[in-house]
Chemist: 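Sharing a structure, written as structure tokens. Questions coming.
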Amino acid sequence: MAKPRKQKSDEQKHENSGGVVLHQKLCISVDMENRRVYGHTEMKVVVPESGVIALHAENMIINNITVDGKDAEFECIPHYQFADDESSWCSVSCSKSAADAACSSYISSLNRETSPNLIITCCNKSKEPQSNMGLNLPENIIQSSCAEQVVNGCNEHPEDKDVKIICIDYWLDQTETGIHFGERLLHTDNQIRRVHCWFPCMYTFSQHCLFDLEFTVSSNFVAVSNGDLLYQVLSNDDPPRKTFIYKLNVPVSAAWISVAVAPFEVLPDNHIGIVSHMCLASDLQKLQNTVGFFHNAFRHYEDYLSTSFPFGSYKQVFIPPEISISSVNMGASMCLFSSKLLFDEKVIDQTIETRIKLAYALARQWFGVYIVAEEPNDEWLLEGLAGFLTDSFIKGFLGNNEARYRRYKDNCAVCKADTCGATALYSAAACSNLYGTQTIGVYGRIRLWKAVSVLQMLEKQMGPDSFRKILQVIVERAPDPCHLTRALSTKEFRHLANKVGNLERPFLKDFFPRWIESCGCPVLRMGFSYNKRRNLVELAVLRGCTVKVGSVSSCNPSNENQDSDTGWPGMMSIRIHELDGMYDHPILPMAGEACQLLEIQCHSKLAAKRILKPKKGSKADGSDDNADTVPSQDMRTSMDSPLLWIRVDPEMEFLADLHFHQPIHMWINQLEKEKDVVAQAKAIEALKNLPQLSFAVVNALNNFLSDSKAFWRVRIDAAYALAHTASEESDWAGLVHLIKFYKSRRYDADIGLPRPNDFHDVPEYFVLEAIPHAVAMVRSADKKSPREAVEFLLQLLKYNDNNGNPYSDVYWLITLVRSIGELEFSQLSMSFLPSLLKCIDRLLQFDSLMPSYDGILTINCLHTLVRVALKMSTTISIDHVCELIKPFRNVERSSWKIRIEANKALLDLEYYCKGLDAAICLFTKFMVEEPSLPGQTKLAVHLMQLCQINSESENGNAVSCATLVALLRLLASRKAFNNVFLRHHLFCIIQIVAGRAPTLYGFTKVKINQVAAMESNGEQPARSASLKLKITRTQEVFTDTPNNSVDAPSVPEATKEGDTVSNRSEGRMNILKIRVKQPASSSKAGGIDQLPGQSRGARNETELGHSSSVSVDAPPMKGAFDVPCTSNQNIEEVSSSCDQESRVTASIVSRKLANKDEAGKDLQCTANTSNARGEGLSPSSSRKDEGMFIQRISGDQNVAISKPEDVPAFTDYLEGKRKRKKEKKDKGSRKKHGDKDGGDKHRFEDPEYLEQRRLKKERKQMVKMVARMQEDESRTSASESLDNRKLCKSRDLNNLEESDVHAPNPTKSASDSLQISKGTKIKIRIRNQGV
């Protein structure tokens, strides 16, 4: 066989090099005292014909490598390469250049890490028969399963391959990457491309193999790893050591191998034998309370998928948060969690979050570890399926209301953030080209939520049973050895949606490119009116997209200029609640015109109104003192239609941003009578944002807040809506209702003080917990908090009593403390400030003596002190607050989390007092002092939030070059290499400072465009200096019209301000407007006469003078210069200045357009040319300066603009031809009407005659305009006039030759009629225009 061709690049990438790892054995010995790891790995590898195996190995010292027991040559090149020299950052002069340098440094680091760096040269291929090779290999290795071979692409038997055993001995000293030491603890993390920092492996996306794992530790430690624990071996050493032996029978990627070593306490699950929970001894009670629910999630997943757990065991290990780089670190058949997720039976608030995270980690064992993605672009599918499975657990065990409300909030967040191509799910530009960074940070969460929403949309389309069947098919076929691995691709899932889900191919053909391969969500703005006569609802729909106009709407290069009218597939339902019942109408298409009007027939009818006779004793105006209260305006409005309320997409079948407008009484009906939590949340949001609030709205919100049967999350929304409605105009009705509601539940009516806490009713506890914060959000007209709100919070904080309550009140207290930070103190409420600060100080002292859960009480007290100090900077000394916070940074006194939060508080003070530059400098100082990886990440995330606040503020603080260079050094440092999350957030910080999006998406494309633009400018410098072009169109035209560019190269844009200045400098000018009305016949004739090479938008750069400026704008569809024309006419106005005293404007009117989309597209071109005094111009240069061609976008039609006195000369010949053709038409028309003598009987009904009269009248007006222009020009000097006429004549002749318009020499006077082409008329208007 031929050898593989070597790469031409100097840095050859040995990506896999054709080698495949079939099996790997890993032996690790841990020395806790010296913090060393000694390792030995044995790999069964299929060696390629090149004889070279490329592996990944970093941050380790390799002693020796053997191949089949013989020493082998190897070369190890470290990935991390940092040279701290000034020349690396000498190009940084501003934030933009710093952002470019950060991109280059970040991408180069990621690119190096993807390439193998341990190159092993195996022995030359043995000339012995392949059958003899199997004799030297262990029997258990030769008899590997067929599934193992298929997984790694070896469909043939191992005996037919060049299989070798590679053994590597290595050791790690004081490791900081991939594997971490703590106090009597060692653990690994699942950072991107960091597993090879603690054992050599083949780290490729498609590489999966079986593992045998052995860990030797001290006898009092427990080693937890992947797979099934076969047995433990106790050595005879002194002190004795113990070896834990695990076997992983399922081929997995090396990235899922993990280990944790510590004196763990093991808690077997009481319901499931293969599940074990582990933690340190101090957290054992919390662990028992936390994992009590876990068997429900485990059984639910097995029942939903109709299959057992794919691995032989599952282990949950909880480690201290100060050494856990993230809250969840997944591995095959095990998962490492941060112990901050643990809680005891006294804590309520942490329960929901912990259960959801544990359930999601378990779901990832099926989709992500067991079922893998075929390509990097398919990762979205595995993440989405795991999230979908988690939502099914939430729905079953936390309630349907919780699941729907969480999905509604996630969809709102996706619609708000899905504005660029970085959120596209299936795209190389947004996935594989980003080296895995798309899963980090905000964009990673948005992609996960969007993936789950897209899969839930598919479930709605095919039905829950069909979608469940698809997931069962995916899991059931995985163990099949004949199936090509357990990989799942987007293409295969689409096939299953068609075959199993019974979705039609046309629908899937539209669904996947629009929702998965593209970015953006539909935006629908709707309103309705009720037609009483026809008894129907007229629904108006305005469609849009969250992607901004001009940005890339799709990550696919082929779809970047996708038409916005394509829309999204599917039909949205409109649910109308009428007097007779509820009716669904699936009539709203997701694709269609931007504006659409729909008609929906109503089923209910109003009864005829009866005219009531006035009662006896009633007043003259018809009122009655004894009568009931007159119904409100809202009630009277509701009587005029049978509609109660209307909902759009009630089942959330689409991921869309919906804006629906209906009357207030219908929103109130929806809030009070609808049982769906999503409908209630939307009604509250609509009532909250009303411009004018009525007492009916406040009462409706208060009634819903008081309804204990309503879902507690929606009741919290109602509380915040009440706080928003409170104002002086409504006599603080919202504030009064909030305080009254709280006192009715928690106050003692006899003494008027709060009763002791009682949290037995958990939903009521959550609602009451939100009331103080809602009260703190109330503002008066001067943006200050009312005195009643401040006094109410002080009373709650002062008289809080938790005696007799079995639950902890720590979260209750932090809510009160946060509420203090939300207050805005006025002169009336300033007297309460000292008492509030004393309460906070008392809580700080109490928490130092009896630490609260995770120290959260101290953390929130520090944040509140900072916020109050910033608001009251004139009263409270900032330096005093800083001195108060600094002791909490002491490692010995404070816990890890309190220390980090104290650093974040100091960053806030530094930013708001001294600016962003000072905050970044302080951050770099903290990075040097902070040793923990999670602490570094938290500080970087907090600084990124400050940078975003700074970029959104009007007076953004600038960052010095020295500070930017410090950030770049930190980005390229070893600390950033050890912590990939820190490195990514440092990159995002630099991008935000430069005003860019915090993502790698689009960087390569932007760079290519910039280089191309630089090359274009370098080739044609004269064009950039002499020509300014600006083309603007309306939004619809820009989106729908293909990008048809002219033959001339592109030029930089010119602002309108620049054009205005140049026009004003000309002083008083004569304005000449030329309007060309062209029938359909002339359009066809012109198209035949033109040559392709003559259709140009501008002259060559050598034909332009130094003072030419051209600006092209698209005016509105109907401007002041429009003339009466037929409905199919396209108006284009072109303005040009031929000399210092003239201005020419031409309007081109075509009665027949190339296509319908061209209607309404206007092109306005203005050329101003001034002759520089003191400079001699040759006739050729004058022709270059004044010649100009305008290319029509729709018809490829050229119009030569010249001096008005020369226009009649070259159009006489064409005028004669047109007259002869007109006479023939007139004769035919007279014959048709039977008037052979040409009588006037039908003359005024003949459109041709009327057109002839109109054109004749226009010619007379044109002659008058030309005469006036000649009089104006005669005022100039005779020499300048003569020179200009000669220059214009020579230019016109050249223009005629280039445009292939042939005409005789100009011999006629200016009074002759003007004509450019056959059937084309020109209308000239001249007016004077001053400065």
Chemist: So, does Q662 use its side chain to make a donor-acceptor pair with the main chain of I646 at under 3.5 Å?
Modeler: yes
Chemist: Applying the side-chain hydrogen bond (donor to acceptor under 3.5 Å, both in side chains) criterion to W645, which one of Q670, E674, E672, H665 satisfies it?
Modeler: E674
Chemist: Between the side chain of E578 and the main-chain N/O of K605, is any donor-acceptor distance below 3.5 Å?
Modeler: no
Chemist: Just by distance, with hydrogens left out, do Q456 and R407 show a side-chain donor and acceptor under 3.5 Å apart?
Modeler: yes
Chemist: Could you check whether E459 pairs with R468 (Lys NZ or Arg NE/NH1/NH2 to Asp/Glu carboxylate O, under 4.0 Å)?
Modeler: no
Chemist: Does E375 offer a backbone N or O that forms a donor-acceptor pair with the side chain of D378 under 3.5 Å?
Modeler: yes
Chemist: Could you tell me whether E599 and R534 have a side-chain N and a carboxylate O separated by less than 4.0 Å?
Modeler: yes
Chemist: With R575, which of D584, D676, D649 fulfils side-chain hydrogen bond (donor to acceptor under 3.5 Å, both in side chains)?
Modeler: D584
Chemist: Examine distances only and state if a side-chain atom of T725 and a backbone atom of V698 form a donor-acceptor pair shorter than 3.5 Å.
Modeler: no
Chemist: Tell me, do Y583 and I600 make a side-chain contact under 4.5 Å, heavy atoms counted?
Modeler: no
Chemist: Apply the side chain to side chain contact (heavy atoms under 4.5 Å, CB included) test between L658 and each candidate in R525, R647, M572, M652; give the one that qualifies.
Modeler: M572
Chemist: Taking NZ, NE, NH1 and NH2 as the nitrogens, is one of them in K450 or D418 under 4.0 Å from a carboxylate oxygen of the other?
Modeler: yes
Chemist: Between the side chains of W515 and S453, is a donor N or O closer than 3.5 angstrom to an acceptor N or O?
Modeler: no
